[in-house]
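One structure coming up, written as C-alpha cells, with questions to follow.
We count ligands from 1, going down the list as the structure has it; atoms in each ligand are counted the same way. Here, residue 1 is the first one in the sequence, and each next residue gets the next number.
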Amino acid sequence: MSTTPIGVGELSGRGPLVGVLALQGAFAAHEQRLTALGAASQAVRTPDELALVDALVLPGGESTTMSMLLTTSGLFDPLKGRLADGMPVFGTCAGMILCATEVLDGRPDQRGFDLIDITVRRNGYGRQLDSFETDLDVAGLDEPFHAVFIRAPYVERVGAEVEVLARHDDVPVLVRDGSCTVAAFHPELTNDTRLHAMFIASL
Ligand code: GLN
C-alpha cells in the first residue's frame, strides 16, 4: 500500500488560522500573544492574505490611518464582506473604533465596518487620562485583567444586543455581539493571554 507524505503546511489537523490586520499599529504584539498560545497566525495586508484566514484581530493604532490604508490596499471591501458574513473578529482600541456603528470625533472621511452597535468617542478619555492602566473584572475570568489604555475610545452607548464583559468606572470597555468582540484597551501589551485565549476558544 502506498502512502502519501503529509507536507509541512498541510491544513489537516491544525486549528483555525487567525489573521492579524498588519497595515499599521500594534499588530506584532498580537501575533506574539497568539504564538504564545500555540495558535497559527497570519499577517493580513492584502485581499489574498485575508482569504486565507478564519478569524481576524484588528489591532490598536490609529483608526484614521488604518481606514485610509484599508482603502488603498484594496482590503476594505473584501474585509467588510467577510465581517458581514460572520467571520469572528477581535478589535482592540483603534480596532474597536473600526467595528463601531457610530464614531464621534472621527475624521469625516474615516470609514468603518458597522459591525457592533456601539457609539465610541475617539480619544474620549481626555488629556488627564490620555493613557492609564487599571485592573478590570472581566466576565468569564477568575482573576482581574491588567488593562493598558492608550488614547482609548470612550464607549458612550451600547445597543440592547451588546453584551458588556467589562467596565471601567461604569463605562463599558470590553463588549461583544455574536462573533464581534471589541476592547477599548490593549490586551496584547501585557503577557496575559487570557483574552486572546477566550477569542480562540470561541472559534
Ligand atoms: N486614538 C486612536 C484612534 O483614534 C486609537 C488609539 C489606540 O489604538 N491606541 O484610532
Exercise. So, His168 versus Tyr154, ring centres under 6.0 angstrom or not?
Worked result: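 Ring-ring flag for His168/Tyr154: false, centres at least 6.0 Å apart.
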For this session: Any atoms of ligand 1 less than 4.0 Å from a non-hydrogen atom of Arg151? List them with their elements.
Result: 1 (N), 2 (C), 5 (C), 6 (C)
For this session: Could you say whether the N/O atoms of Ala94 and ligand 1 ever approach to under 3.5 Å?
Result: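 By distance alone, the answer is yes.
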For this session: Any chance you could measure Leu75, atom CG, to Leu21, atom CG, to the nearest 0.5 Å?
Result: 6.5 Å
For this session: Consider only side-chain N and O atoms of Arg157 and Thr119, and report whether a donor and an acceptor are under 3.5 Å apart.
Result: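 Yes.
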Problem set entry | Side-chain H-bond candidate by donor/acceptor type, Glu188 with His196, under 3.5 Å | no
Exercise. Distance under 6.0 Å and angle within 45° of the ring axis: does Arg45 meet both against Phe27?
Worked result: yes
For this session: Mind checking whether Ile97 contacts ligand 1 via backbone (N, CA, C, O), side chain (CB onward), both or neither, at a 4.0 Å heavy-atom cut-off?
Result: side chain
Seminar exercise, completed: For atom 1 (N) of ligand 1, the closest protein heavy atom turns out to be Asn123 OD1, 2.5 Å
Exercise. Short list, please: which atoms of ligand 1 are under 4.0 Å from a heavy atom of Gly60?
Worked result: 8 (O)
Problem set entry | Approximate separation, where rounding is to 0.5 Å, of His30 NE2 and Thr35 OG1 | 12.5 Å
For this session: Name the closest protein heavy atom to atom 7 (C) of ligand 1, giving the residue it belongs to and the distance to 0.1 Å.
Result: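 Answer, as residue, atom name and distance: Cys93 SG, 2.7 Å.
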Exercise. Run the salt bridge (Lys or Arg N to Asp or Glu O under 4.0 Å) check on Glu161 and Arg176 step by step: do they pass?
Worked result: CA-CA 9 Å; Glu161 304 296 308; Arg176 175 167 66 199; over 6 Å; no
For this session: Identify, for atom 5 (C) of ligand 1, the protein heavy atom at the shortest distance, and state residue, atom and that distance.
Result: Gly61 O, 3.3 Å
Problem set entry | Geometric N/O contact His186 with ligand 1, under 3.5 angstrom | yes
Exercise. Just heavy atoms, cut-off under 4.0 Å: does Arg122 contact ligand 1 by side chain, backbone, both, or neither?
Worked result: side chain
Exercise. Out of Gly106, Gly91, Ser63, whose heavy atom is nearest to atom 3 (C) of ligand 1?
Worked result: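 When every heavy atom of Gly106, Gly91, Ser63 is considered, Ser63 comes closest to atom 3 (C) of ligand 1.
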Exercise. If you look only at pairs with a residue in residues 138-151, which of them pass as a salt bridge (Lys or Arg N to Asp or Glu O under 4.0 Å), with sequence neighbours excluded?
Worked result: Asp130-Arg151
Exercise. Is Met66 in contact with ligand 1, taking contact as a heavy-atom separation below 4.0 Å?
Worked result: no
